[in-house]
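What you see below is based on every heavy atom in this structure, not just the backbone, and it leaves out hydrogens, waters and symmetry mates. Keep in mind that this is a model prediction, so the values were computed, not measured.
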Amino acid sequence: MQDAILKFENLLLENVNYFPTIDNDVLETKENGKWSKKEILGHLADSAIHNLIRFTEINYVEKPYQHRPYNQIDLVNLNQYQTMDIDELTQLWFVVNKQIIRIMKSVDEKVLNFKIVLSDESVIDLKFLMTDYVAHLEHHINQIKS
């Protein structure tokens, strides 16, 4: 877990001041019907919000934890990330993820083994979900930086 947390912290610190320096035309360019870089960052904010809920709820809800998917495309559109100020969007992304890091640093080893049932009925544990979250974050940050 420590490696994932260290990577996570580095991703946040390397990018919180970088994202607002990207030219707005670059941030808002959409190609082939795909999300703009700004919308990708908005998706990362949505992902952070949903995963913060998952990472905390698993401690007190009935087990095994039932993973609830969310409509990523609708959320990006409804939250209007394409027109949001990049400084505000970056801060939203950063602050929610800082809270996730707090949770990850304090999670009990026993809790990391709690089972999570995905919508396809496959089973993972919290440790996998947390480390996968960091990999997901890194993947999308690389898209923004490309």
Give every residue pair that meets the side-chain hydrogen bond (donor to acceptor under 3.5 Å, both in side chains) criterion with at least one member in residues 103-113, sequence neighbours excluded.
-> Glu9-Lys105
Keeping the roles fixed (side chain from Thr29, backbone from Asp25), state whether a donor-acceptor pair exists under 3.5 Å.
-> yes
Would one find more than 12 heavy atoms of other residues, nucleotides or ligands at under 6.0 Å from atom CG of Leu78?
-> yes
No-hydrogen, no-angle side-chain donor-acceptor test under 3.5 Å, Tyr133 and Asn97 = yes
Just checking, is any N or O donor in the side chain of His67 or His50 under 3.5 Å from an acceptor N or O on the other one?
-> no
For residues 10-19, pull every pair meeting side-chain hydrogen bond (donor to acceptor under 3.5 Å, both in side chains), keeping only residues two or more places apart or in separate chains.
-> Asn15-Lys145
Cluster check Val26, Val76: I/L/V/M/F/W/Y, side chain < 4.5 angstrom | yes
Ile144 backbone acceptor or donor facing Lys37 side chain under 3.5 Å = yes
With sequence neighbours left out, the residues meeting side-chain hydrogen bond (donor to acceptor under 3.5 Å, both in side chains) with Gln91 are none
Would a distance-only check, ignoring hydrogens and angles, find a side-chain to backbone donor-acceptor pair under 3.5 Å from Lys38 to Met84?
-> yes
Donor-acceptor contact present, side-chain Lys127 to main-chain Phe114, <3.5 Å = no
Would you check if the side chain of Asp85 reaches a backbone N or O of Asp87 as a donor-acceptor pair within less than 3.5 Å?
-> yes
Kindly say whether the aromatic ring centers of Trp35 and Tyr81 come within a distance under 6.0 Å.
-> no
So, Arg54 side chain and Arg68 main chain: donor-acceptor pair closer than 3.5 Å or not?
-> yes
Assess whether atom NZ of Lys63 is packed by more than 12 heavy atoms of other residues, nucleotides or ligands within 6.0 Å.
-> yes
Output for pair (Leu129 CG, Leu112 CG), nearest 0.5 Å, gives 11.0 Å
If you measure from NZ on Lys98 to CZ on Phe8, what distance do you get to the nearest 0.5 Å?
-> 9.5 Å
Distance col, row Gln82:CD vs Glu39:CD, nearest 0.5 angstrom, shows 4.0 Å
Is it possible for you to say whether Met1 and Leu12 belong to one hydrophobic cluster, with membership spreading through side-chain heavy-atom contacts below 4.5 Å?
-> yes
For the residue pair Leu41 and Ile86, establish whether any side-chain heavy-atom pair is separated by less than 4.5 Å.
-> yes
Donor-acceptor pair, side chain of Asn79 and main chain of Leu75, under 3.5 angstrom = yes
